[in-house]
Amino acid sequence: TFLGGGGITDNGSVFGPPDAPEGSQAAILQGGTAEFSTTVSGFEAGVTYSLSFEAAGRANGAADFQVWLDGTLLDFDGSNTLTPAVGSYATFTSSEFTTSGGSLTLTFDGTAAGTSFVDDIRFNFVAEAIPEPCTTLFATLGLTVLLSLRRRSTPIGPHSEG
């Protein structure tokens, strides 16, 4: 979804973007009312991720913007408002976050005048959920019981018929 001054631009367009790092198009945020968002599916509950993307500013000035995930403002090295460098793409990576799973809405929201370009948006898997102590305890207990039962059913000595 694109709102205000949000949209798509091609390499070599009149907006003057640097060539997109991935393919030949990039999202554009032009001005403080610009926004683009999308719903992203497939998150696993309790799994930790980070978000990375490439961003660049237009030659006449970059637009400041913020990045939201399901209504939560993401942090990028201690900053919630990003201003990309003019003329070339640079990588931005968020702090780690853990999801409740399912589908989440990712939103890039312009906060000031200027124009910025965003490309190559990706979610990075950081770590799987750590089992709760109770889950680990029951799994260990179950394994111990299974091993104990297995030992009891194994013959102790030679068996002869006669």
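Note that this is a predicted model, so its numbers are computed, not measured.
A 6.0 Å sphere centred on CG of Asp77 holds no more than 12 heavy atoms belonging to other residues, nucleotides or ligands.
Hydrophobic side-chain contacts under 4.5 Å tie Leu3 to no other Ile, Leu, Val, Met, Phe, Trp or Tyr residue.
Distance OG1/Thr93 to CG/Leu74: 11.5 Å, rounded to 0.5 Å. Atom CG of Leu51 and atom OG of Ser94 lie 5.0 Å apart (nearest 0.5 Å). Atom CZ of Phe43 and atom OG of Ser100 lie 10.0 Å apart (nearest 0.5 Å). One distance of note links CG of Asp19 with OG of Ser88; it measures 12.0 Å at 0.5 Å rounding. Taken from CH2 in Trp68 to OG1 in Thr105, the straight-line distance is 13.0 Å, to the nearest 0.5 Å.
The ring pair (Phe, Tyr, Trp, His ring centres under 6.0 Å) contacts involving residues 3-35 comprise nothing, where partners must be two or more places apart or lie in separate chains. Pairs passing the side chain to side chain donor-acceptor pair (under 3.5 Å) check and including a residue from residues 22-36, sequence neighbours excluded, read Asp10-Gln25.
Contact check for Thr1 versus Phe36: no side-chain heavy atoms found under the 4.5 Å cut-off. Side-chain contact between Leu29 and Thr115 is absent, with no heavy atoms from C-beta onward closer than 4.5 Å. For the pair Ser116/Phe108, no side-chain contact is recorded, criterion being any heavy-atom separation below 4.5 Å from C-beta on. Annotation: side chain of Phe123 is in contact with side chain of Leu69 (closest heavy-atom distance under 4.5 Å). Between Thr99 and Leu104, some side-chain heavy-atom pair lies under the 4.5 Å cut-off. In this structure, the side chains of Leu106 and Ile121 come closer than 4.5 Å at one or more pairs of heavy atoms.
Nearest approach of Gly87 to Pro18, heavy atoms of both residues: O-CB, 3.5 Å. Closest approach of Ser50 and Val126 over heavy atoms only: N-CG2, 3.7 Å. Across all non-hydrogen atoms, the minimal contact from Val86 to Ala59 is CG1-CA, 3.5 Å. In terms of heavy-atom proximity, Ala127 sits nearest to Val47 at O-CG1, 3.3 Å. Looking at every heavy atom in both residues, Ala26 comes nearest to Phe117 through CB-CB, 4.4 Å.
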Practice task
In sequence, state the C-alpha distance, the side-chain angles, and the governing distance for Ser52 and Asn124, and then conclude on side chain to side chain donor-acceptor pair (under 3.5 Å).
Solution key: CA-CA 7 Å; Ser52 296; Asn124 311 300; 2.8 Å; yes

Practice task
Give the C-alpha distance, both sets of side-chain angles, the deciding distance and a yes or no for side-chain contact (heavy atoms from CB on, under 4.5 Å) between Leu82 and Phe92.
Solution key: CA-CA 9 Å; Leu82 306 174; Phe92 291 85; 4.0 Å; yes

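Side-chain contact check for Glu54 and Thr91: at least one donor-acceptor pair (N or O, by modelled atom type) lies under 3.5 Å. In the model, Thr48 has a side-chain atom that pairs as donor or acceptor with a side-chain atom of Thr98 under 3.5 Å. There is no side-chain donor-acceptor pair under 3.5 Å between Gln66 and Thr111. Between the side chains of Asp64 and Thr83, a donor-acceptor pair is found at a separation under 3.5 Å.
Aromatic rings from Phe76 and Phe53 are positioned such that their centres are separated by under 6.0 Å.
Hydrophobic clustering, with ILVMFWY side chains joined whenever heavy atoms are under 4.5 angstrom apart, keeps Ile8 apart from Val14.
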